[in-house]
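The structure appears below as structure tokens.
Order of the sequence lines fixes the chain letters, A, B, ..., with proteins taken first and strands second; residue numbering starts at 1 for each chain. Bear in mind the structure is a predicted one, so any value in this text is a computation, not a measurement.
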2 protein chains.
Amino acid sequence: MAETQPDAVKLDGAGPVYDQIRRAIRDLVVSGAWPPGTGVPPEHALMEQLGASRMTVHRALVQLAREGLIVRRRRSGTIVASPPASHAMLDILSIPEEVEQLGQAYSYDVLARGDGRPAAEVAERFGLRRSDKVAHLLVLHRADGKPHVLEERVIHVAAVPGVAGEDFAKTPPGDWLLQHSLWSQAEHAISAVGAQAEEAGLLAIAVGEPCLLVERRTWNQDRPVTAVRLLYPGPRHRFVGRFGPYGQI
Amino acid sequence: MAETQPDAVKLDGAGPVYDQIRRAIRDLVVSGAWPPGTGVPPEHALMEQLGASRMTVHRALVQLAREGLIVRRRRSGTIVASPPASHAMLDILSIPEEVEQLGQAYSYDVLARGDGRPAAEVAERFGLRRSDKVAHLLVLHRADGKPHVLEERVIHVAAVPGVAGEDFAKTPPGDWLLQHSLWSQAEHAISAVGAQAEEAGLLAIAVGEPCLLVERRTWNQDRPVTAVRLLYPGPRHRFVGRFGPYGQI
DNA sequence: GAGTGGTCTAGACCACTTC
DNA sequence: AAGTGGTCTAGACCACTCG
């Protein structure tokens, strides 16, 4: 059931009323003030509180529901949605889920970890400043015991303070971050590279074998949260998406 | 300026009125009955014609505008939009544009062409039936004279009859198809592969060198239109996309 | 100036779901 | 039965922009 919501919706007077309402509630959601499960006030409550007609309030809420920030159900009301675990073509946030959906048994090992200011070569690879304090991890994910993907990740300690006390023994870093950090923006790059010697050894493939490299960086309100390089071995990995001429289906 | 529109909007009585209106107009657009530039009747005309209130008509049109199918301007009215040339992360529809945006000079050669029923190996590679009549093309695209991407494509003659009389001397097949075919759905797959001997020769790279393989198939109302395999050599090609936790930005 | 879309209101009825 | 959102109406005023 929904918790009640603590903060009040405040309009800023800029632009159409329905958009003021939409932005005000969106900000409460993405800032974390209204975490997932929080109850959004019913339409007539917002109507009275904001002095707007029900259609105007409704319009704002419909749009937020379409954007996926809230979930609306008759009688039981409107609550803040849980961010979807996965949504777009290239968005593999949970590797355990990905492996299990392939019907294979998932396991992983943290192969290396370092905390502190990054080495020059690491800073270069992830686009970091040398002054950023990060946790630096190398993780091998396995499907049915065989190497599935090699993950190299940095996590910004300033954005995720809890990372210092976490050893990732029970949950791999990607999944752990989903529960212990907020993000508002991400950037993906995908490319084909040949496996380097060390990578090839860990992935049990030949040096130079083609791999799909997915690089993802995420931010929360323009502050970097994490950056990851996922190296998928060989030609057996494909990323698939469907869409129409006017956008994703 | 907008042409007037020939066909009338017809509702089907299924579901909410605003959605009936939306679907009716969407169908006229995607079927090609209202080509880009066609004038959509003004709100009050649709109101009278359909017996709905203006808010209801407006709601349908707003949604279509948000989906990008129509463009609305005050005073001058609403017209059917031109499909965007490019829209999603992996959607490189025009290779000439892609090359020119990199600031390089574009050129291309049609290396081979065959028309008729596909060889077994081609049918396999593109997921065709042996009975499908297709044009089969091999095209090398160059940037500043150097191989940029190798394109192997099949075009379904049933969906694009004009392909039989076109030699692609002036326009590469991808761009030509944008002007001579309609599509409603597409599927992408992206993977990393090693270059085969023939491909390596054409792309001037070593055999086995990692390449990014983009495979795209498009349909119009469930009828296949074209399928293409784009082989980008080496690690220098990247596909980049940005988005937020609730969808693409 | 006039035609178009953009926004907003006040109220109504309905559908669904939980209590 | 009652509370919630879903839809719809009839009308209003405003903003923009073309002729």
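- Between the CD atom of A/E43 and the C1' atom of D/dT7 there is a distance of 11 Å, given to the nearest Å.
- Annotation: salt bridge (charged side-chain N to carboxylate O under 4.0 Å, His left out) contacts of A/D144 (sequence neighbours excluded): none.
- Taking atom CE of residue B/M47 and atom P of nucleotide C/dT4, one finds them 13 Å apart after rounding to whole Å.
- Among the protein residues, A/G15 comes within range of no part of the nucleic acid, since none of its heavy atoms lies under 4.0 Å from any strand.
- In this structure a side-chain-to-backbone donor-acceptor pair under 3.5 Å is missing from A/T38 to A/V80.
- The distance between atom NE2 of A/H58 and atom P of C/dA15, rounded to the nearest whole Å, is 16 Å.
- Between atom CG of residue A/L61 and atom CZ of residue A/R54 there is a gap of 10.0 Å, rounded to the nearest 0.5 Å.
- In this structure, B/R59 places its CZ atom 14 Å from P of C/dT7, rounding to the nearest Å.
- The phosphate of D/dT4 (OP1 or OP2) has a side-chain N or O of A/H44 nearer than 4.0 angstrom.
- Distances shown here put every side-chain N or O of B/Y18 at or beyond 4.0 Å from the OP1 or OP2 atom of D/dC8.
- An end-to-end axis angle of 10° holds for the helix from C/dG1-D/dC18 to C/dT18-D/dA1, taken from five base pairs per end and rounded to 10°.
- Nearest-nucleotide assignment on DNA chain C puts the 5′-proximal partner with A/P16, out of A/P16 and A/R73.
- Counting non-hydrogen atoms of other residues, nucleotides and ligands closer than 6.0 Å to CZ of B/R73 gives a total of 12 or fewer.
- Taking A/Y18 as the reference, nothing meets the ring-ring contact (aromatic ring centres under 6.0 Å, His included) condition, with sequence neighbours excluded.
- A/R23 meets the salt bridge (charged side-chain N to carboxylate O under 4.0 Å, His left out) test with A/D12, A/D19; sequence neighbours excluded.
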Donor-acceptor contacts, no H, no angles, side chain residues 157-165 of chain B, under 3.5 Å, sequence neighbours left out:
none

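- OP1 and OP2 of D/dT4 both lie 4.0 Å or more from every side-chain N or O belonging to A/R72.
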For nucleotides 10-14 of chain D, print each protein N/O atom paired with a nucleotide N/O atom at under 3.5 Å, atom names and distance only.
| unit_1 | atom_1 | unit_2 | atom_2 | d |
| --- | --- | --- | --- | --- |
| D/dA12 | N6 | B/R54 | NH1 | 3.2 |

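- Atom P of nucleotide D/dT4 and atom CD of A/E48 are separated by 12 Å, given to the nearest angstrom.
- Sparse packing is recorded around CG of B/D222, with 12 or fewer heavy atoms of other residues, nucleotides or ligands lying under 6.0 Å away.
- Between A/S76 and D/dG3 there is no side-chain N or O to OP1 or OP2 distance below 4.0 Å.
- Checked for salt-bridge contact, A/R22 and A/E67 meet the test: a charged N lies under 4.0 Å from a carboxylate O.
- Between D/dT7 and B/T56, no contact under 4.0 Å exists linking OP1 or OP2 to a side-chain N or O.
- Between the CZ atom of B/R75 and the P atom of C/dG1 there is a distance of 13 Å, given to the nearest Å.
- B/Q20 places its CD atom 18 Å from the P atom of D/dG6, with the value rounded to the nearest Å.
- Counting to the nearest Å, the P atom of D/dG5 and the CG atom of A/L64 are 13 Å from each other.
- For the pair B/E43 and B/R72, the salt-bridge criterion is met [side-chain N within less than 4.0 Å of a carboxylate O].
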